J.: 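First, the structure itself, so that you have it in front of you.
None of these values were measured; they are calculated from a predicted model. Here is the naming used below: chain letters follow the sequence lines, and residue numbers restart at 1 for every chain.
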Amino acid sequence: MQSQLAQRLAQAVEKAIQDGEIPPLTVPEFIVEVPREKGHGDFATNLALMLAKPAKNAPRKLAEIIVNKLELAGTSVQKVEIAGPGFINFHLDPYWMHRVLLQVEEQGEHYGRVDLGEGTKVQVEFVSANPTGLLHMGNARGAALGDSLASILEFAGYDVQREYYINDAGNQIENFGRSLEARYLQQLGQDVPLPEEGYHGEDLIDTVKNFIQQYQDKYLNVDGATRREKLVQFALKEKLTAIKNTLLDFGVIYDVWFSEQSLHQSGAIEETIKELQQKGYIYEHENALWFKATAFGDEKDEVVVRSNGIPTYFAADIAYHKNKFQRGFQRVINIWGADHHGHVNRMKGSMEALGYNRDSLEIILMQLVRLLRGGEVVRMSKRTGRFVTLSELIAEVGKDAARYFFIMRSPDSHLEFDLDLAKSQTNDNPVFYIQYAHARICSIFRQLAERGGEKPTAKEVDLKVLQNEQEINLIRKLAHFPVEISMAAQTMAPHRIAKYLHELAGLFHSFYNSSRVIVDDPRLSAARLVLVNATGIVLRNGLRLIGVSAPEKM
RNA sequence: GUCCCGGUAGCUCAGUUGGAUAGAGCAACGGACUUCUAAUCCGUAGGUCGAGGGUUCGAAUCCUUCCCGGGACGCCA
């Protein structure tokens, strides 16, 4: 409906130009939106306002010209008016929206899909936590955000792949090995210190205990390199399995687990550096190789190969992202913690250097998470390795609340995660509020079944009996769902869906409290059941996108 | 010092890419259960949109200068 109106409006302008009522110009960008104020109609456009400057004419005057040229045959527009500084408001046939109920029912779990992406290949890479420990709150936010974004993009017509990059090579693995070695020797009674820069998390003690159970002291009296290699191999496998399982519990399933090590082994890193070298973006300084990030607007250059000959993680990352583009992704989206922001420009620069469009690599930076318990900030320490893990969080508040809380705020915003609120089963908890709406809907249909009634279908029902304020508000909201999907996909903002669902649930609760669904009048009853059913479908579709379950009973 | 993010109601946050009278939830206050789930609803109150300047028909939104909070500036990842 919105795009149809936009098209007709553009045509009207063209016609006015032909007739010489508006000077020749290209039609400016304008929007057809749902006005906040209901008095402003069902749709409104700012076209005349946007046209004012290029056409050198007063907005209201232009609005009049446009309205005169506007062809509205075949639309549901009943009345057009010019308002305020020059808005054109459209009032539609009061029942136009009711048709959306037919659509919702017909399309079911597909209602809300749009074809914004037109099959564009997109990859979303998220979490990619080092397999040297457990997942923390930052990873958790990334998991919720990345998975939801991927789902939303899919729903908006993109061909989406979810990927996890396993940092199973490089410096931190060396470090990991030395930490494991220390823990191993400690367990076997030796008094050795943990490396200063090592992994201090106590989870490594358990890992080493498991190792000992299998190998005992077999690696006590071998050379360090062998011992560390064996420990690392064992620990990586264990940690990665744990991460996979936790993410699975969180409802996140990846298409691809990509190993950094494979890039080292295949020679892809070396090859990529050579390519950059040939293009003149690599130079040597103090025995190290540097990438000319400054040539691409970054503040300073960056080392790709250390003076000891070992490539940095940056070198691996360049090779990795080149690999992504080689796999044919037209958009490559990464979700990173805000602490990686310094990495953004040089990564984009490196892609530009390799001949790709820097804007095809899109980075979403998310701000930090603060946990609150009993009104107090839960202190975490990276140094001591003491923090709340994702699996602990899931155990404490449940998957649904956790996923909702992580995506309900814009990534740009620092996230305050109130554990008590997430656990509370009261109306101040938005997750329960939404789920409760769904449970109530299911309950109505259980009730109907108990009374021997049958679920009506939209086309056999007279939807025009849905006329009260609550019914109309609810229908309007359902009609808006596809637009919401487009917006969320376009701005890569899953929190919009959370907000939408909360509002939808609110409108449903209002409706529920104002009108009984199962009533004596069979026409009214049937129409309301269709409305309720449609609401249930949209709630399920939305909740599915953000990875929250839609319980039938609470 | 440079760069990034934020600053909107008591609190936590939205704000449809520059639009009409700035919104929601919680907290506060006052109401509604003989009902398909009161885990709900209805109502009231609450604002110099961090501050100043600029751009224009029109600014929370854009440009600029400051202030405050968080983060990043390594041959770590």
Side-chain angles (χ1 to χ4, degrees), chain A residues 29 31 33-37 39-40 44 46 49-50 52-53 58-60 83-87 89 128-130 132 167 170-172 175 197 285-290 298-300 302-308 310-314 316-317 337-345 365-368 370 372 408-416 418 421 424-430 432-433 435-437 439-448 450-451 470 480 483-484 486-487 490-491 495-496 498-499 502-503 505-506 508-519 528-529 532 553-554:
Chain A
E29 290 262 325
I31 53 171
E33 63 175 354
V34 179
R36 246 193 299 273
E37 284 289 323
H40 296 146
N46 62 349
L49 296 158
M50 302 304 285
K53 195 178 287 181
R60 284 195 70 109
F87 286 99
N89 294 342
S128 299
N130 283 344
T132 51
N167 296 105
N171 237 350
Q172 86 273 4
N175 203 344
E197 297 287 307
H285 175 66
E286 290 179 353
N287 289 326
L289 294 185
W290 296 69
D298 209 354
E299 284 170 53
K300 51 187 184 176
E302 186 73 14
V303 171
V304 283
V305 179
R306 300 187 189 94
S307 49
N308 62 10
I310 298 173
T312 60
Y313 92 108
F314 178 46
D317 239 13
D339 54 340
H340 285 64
H341 102 264
H343 194 44
V344 173
N345 263 326
L365 291 179
M366 45 173 195
Q367 300 298 316
L368 301 181
R370 240 174 14 150
L372 290 179
M408 74 178 171
R409 303 297 180 215
S410 148
D412 283 340
S413 160
H414 287 255
L415 179 68
E416 193 148 293
D418 187 331
L421 178 60
S424 83
Q425 310 212 339
T426 57
N427 61 352
D428 51 359
N429 185 341
F432 280 85
Y433 185 81
Q435 290 183 320
Y436 183 47
R440 271 184 153 173
I441 288 168
C442 295
S443 172
I444 291 169
F445 284 105
R446 276 195 299 273
Q447 193 61 224
L448 178 71
E450 265 175 45
R451 297 182 191 188
Q470 289 79 8
H480 207 239
V483 179
E484 207 61 50
S486 297
M487 290 302 306
Q490 236 164 58
T491 57
H495 69 274
R496 278 176 177 283
K499 189 166 176 273
H502 193 250
E503 286 165 358
F508 174 75
H509 286 308
S510 288
F511 159 75
Y512 182 93
N513 275 279
S514 71
S515 336
R516 278 191 70 78
V517 175
I518 302 172
V519 289
R528 284 185 176 159
L529 283 165
V532 167
K553 215 176 199 175
M554 290 174 77

J.: With a 4.0 Å cut-off on heavy atoms, is A:Ala439 in touch with a base, just the backbone sugar-phosphate, or nothing at all?
T.: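 Base, at least one base atom sits under 4.0 Å.
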
J.: What distance, rounded to whole Å, do you find between the two C1' atoms, one in B:G52 and one in B:G7?
T.: 16 Å

J.: Return the value, rounded to whole Å, for the distance between atom CE of A:Met50 and atom C1' of B:C62.
T.: 13 Å

J.: With rounding to the closest Å, how many angstrom separate the P atoms on B:C26 and B:C5?
T.: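 Approximately 32 Å lies between the P atom of B:C26 and that of B:C5.
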
J.: Which value, in whole Å, describes the distance between the P atoms of nucleotides B:A59 and B:G54?
T.: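 Rounded to whole Å, the distance is 13 Å.
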
J.: Expressed in angstrom and rounded to an integer, what is the separation of A:His502 atom NE2 from B:C13 atom P?
T.: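 Roughly 15 Å, once rounded to whole Å.
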
J.: So what stems show up for RNA chain B if we need 3 or more Watson-Crick or G-U pairs in a row, all under 3.5 Å?
T.: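 Stems for RNA chain B, defined as runs of 3 or more consecutive pairs: B:1-7 with B:67-73, B:10-13 with B:23-26, B:28-32 with B:40-44, B:50-54 with B:62-66.
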
J.: At their closest point, which heavy atom of A:Val532 faces which heavy atom of A:Val517, and how far apart are they?
T.: CG2-CG2, 3.8 Å

J.: Do side-chain atoms of A:Gln447 reach the backbone of A:Ile518 as a donor and acceptor pair under 3.5 angstrom?
T.: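 A pair under 3.5 Å: no.
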
J.: Would you mind classifying the nucleic acid contact of A:Asn89 as base, sugar-phosphate or nothing, using non-hydrogen atoms under 4.0 angstrom?
T.: base

J.: Tell me, do A:His495 and A:Pro411 make a side-chain contact under 4.5 Å, heavy atoms counted?
T.: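 Yes, their side chains come closer than 4.5 Å.
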
J.: Counting the atoms with a prime plus P, OP1 and OP2 as sugar-phosphate, which does A:Ile31 contact under 4.0 Å by heavy atoms, base, sugar-phosphate, or nothing?
T.: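 Sugar-phosphate, backbone atoms only, no base.
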
J.: Are the side chain of A:Arg496 and the backbone of A:Ser410 linked by a donor-acceptor contact shorter than 3.5 Å?
T.: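 Here the side-chain-to-backbone pair does not exist.
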
J.: Go nucleotide by nucleotide along RNA chain B from the 5' end; which of A:Ala83 and A:Ala338 gets its closest nucleotide reached first?
T.: A:Ala83

J.: Using a 3.5 Å distance criterion without hydrogens, assess whether the side chain of A:Asn89 forms a donor-acceptor pair with backbone atoms of A:Ala44.
T.: no

J.: Using modelled atom types only, decide if a donor and an acceptor are shared between the side chain of A:Ser510 and the backbone of A:Gln470 within a distance under 3.5 Å.
T.: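 Such a contact is absent between A:Ser510 side chain and A:Gln470 backbone.
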
J.: Base, sugar-phosphate, or nothing for A:Ser515, non-hydrogen atoms under 4.0 angstrom?
T.: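 Contact class for A:Ser515: base.
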
J.: Check the distance between B:A59's P and A:Asn46's CG and give it to me in whole angstrom.
T.: 15 Å

J.: Got a sec, which residues hit ring pair (Phe, Tyr, Trp, His ring centres under 6.0 Å) with A:Tyr436, two or more places apart in sequence or on another chain?
T.: A:His509

J.: How close or far is atom C1' of B:C11 from atom CZ of A:Arg370, stated in whole angstroms?
T.: 12 Å

J.: Does A:Lys300 reach a base, just sugar-phosphate, or nothing at all? Heavy atoms under 4.0 Å.
T.: sugar-phosphate

J.: A:His495 side chain N/O closer than 4.0 Å to the phosphate oxygens (OP1, OP2) of B:G15?
T.: yes

J.: Can you tell me if A:Asn171 touches the phosphate of B:C76, counting only side-chain N or O atoms and a distance under 4.0 Å to OP1 or OP2?
T.: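 True: A:Asn171 side-chain N/O within range (under 4.0 Å) of B:C76 OP1/OP2.
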
J.: Roughly how far apart, to the nearest Å, are B:U56 and B:C62 at atom C1'?
T.: 11 Å

J.: Please check: side-chain N/O of A:Arg528 versus main-chain N/O of A:Arg516, any donor-acceptor pairing under 3.5 Å?
T.: yes

J.: For the side chain of A:Met487, counting heavy atoms from C-beta on, which of B:A77, B:C75, B:U16 is nearest?
T.: B:U16

J.: Return the value, rounded to whole Å, for the distance between atom NZ of A:Lys553 and atom P of B:C36.
T.: 15 Å

J.: So how far is it from A:Arg446 CZ to A:Ile441 CD1, rounded to the nearest 0.5 Å?
T.: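 Atom-to-atom, A:Arg446:CZ and A:Ile441:CD1 are 11.5 Å apart.
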
J.: Tell me, yes or no, whether the heavy-atom count around A:Glu197 atom CD, taken from other residues, nucleotides or ligands under 6.0 Å, exceeds 12.
T.: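 Atom CD in A:Glu197 is not crowded, with 12 or fewer foreign heavy atoms closer than 6.0 Å.
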
J.: Do the numbers put A:Arg440 on top of the ring of A:Tyr512, so that NZ or CZ is under 6.0 Å from the six-membered ring centre and no more than 45° off the axis?
T.: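 That pair qualifies as a cation-pi contact.
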
J.: Using the side-chain heavy atoms of A:Arg516, tell me which of these nucleotides is nearest: B:C36, B:C75, B:C57.
T.: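 Selected nucleotide (nearest to the side chain): B:C36.
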
J.: Could you pull out the closest heavy-atom pair between A:Val303 and A:Ala288, with the gap in Å?
T.: CG1-CB, 4.3 Å

J.: Using a 4.0 Å heavy-atom cut-off across all strands, classify A:Glu286 as base, sugar-phosphate, or nothing.
T.: base

J.: Rounded to whole angstrom, note down the P distance from B:C11 over to B:A28.
T.: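 Each nucleotide's P atom is 15 Å from the other's.
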
J.: How far does the P atom of B:G19 sit from the matching atom of B:C73, given to the nearest Å?
T.: 37 Å

J.: For every nucleotide of nucleotides 39-44 of chain B, 5' to 3': is a protein heavy atom under 4.0 Å from its base (B), only from its sugar-phosphate (S), or from neither (-)?
T.: BBSS--

J.: Using the test ring pair (Phe, Tyr, Trp, His ring centres under 6.0 Å), find all partners of A:His341 that sit at least two apart in sequence or belong to another chain.
T.: none

J.: Apply the syn/anti split at 90° from 0 to B:U16 and say which one it is.
T.: anti

J.: Would you classify A:His340 as touching base, sugar-phosphate or nothing, given that sugar-phosphate means primed atoms plus P, OP1 and OP2, and contacts are heavy atoms under 4.0 Å?
T.: base

J.: Taking atom P in both B:G23 and B:A9, compute the distance separating them and give it to the nearest angstrom.
T.: 14 Å

J.: Rounded to whole angstroms, how far apart are CZ on A:Phe87 and P on B:A20?
T.: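 About 6 Å, once rounded to whole Å.
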
J.: Over how many whole Å does the gap from A:His480 atom NE2 to B:G15 atom P extend?
T.: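 Atom-to-atom, A:His480 to B:G15, this comes out as 14 Å.
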
J.: Pick base, sugar-phosphate or nothing for A:Leu289, based on heavy-atom distances below 4.0 Å to the nucleic acid.
T.: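 The residue A:Leu289 makes no contact with any strand.
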
J.: Ignoring hydrogens and angles, does a donor from either the side chain of A:Thr312 or the base of B:C75 sit under 3.5 Å from an acceptor on the other?
T.: no

J.: Is the base of B:C33 syn or anti, where syn means the angle lies within 90° of 0?
T.: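 This nucleotide is in syn.
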
J.: Holding to side-chain contact (heavy atoms from CB on, under 4.5 Å), I want the full list of residues that pass it with A:Asp298, two or more places apart in sequence or in another chain.
T.: A:Ala293, A:Asn345, A:Arg346

J.: Taking the P atom of each, how far is B:A20 from B:G15, in whole Å?
T.: 15 Å

J.: For A:Gln490 and B:U16, what is the distance between atoms CD and C1' respectively, to the nearest whole Å?
T.: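 Whole-Å distance recorded here is 10 Å.
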
J.: Under 4.0 angstrom, heavy atoms only, what part of the nucleic acid is A:Ala288 near: base, sugar-phosphate, or nothing?
T.: base

J.: Can you figure out which of B:G70, B:C13, B:G19 approaches the side chain of A:Arg409 most closely?
T.: B:C13

J.: For nucleotides 3-9 of chain B, just jot down a letter per nucleotide in 5' to 3' order: B, S or -, based on protein non-hydrogen atoms under 4.0 Å.
T.: BSSS---

J.: Considering only NZ, NE, NH1 and NH2 on the basic side and carboxylate oxygens on the acidic side, decide whether A:Glu503 and A:Lys499 come within less than 4.0 Å.
T.: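 Judged by the 4.0 Å cut-off on N to carboxylate O distance, A:Glu503 and A:Lys499 do form a salt bridge.
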
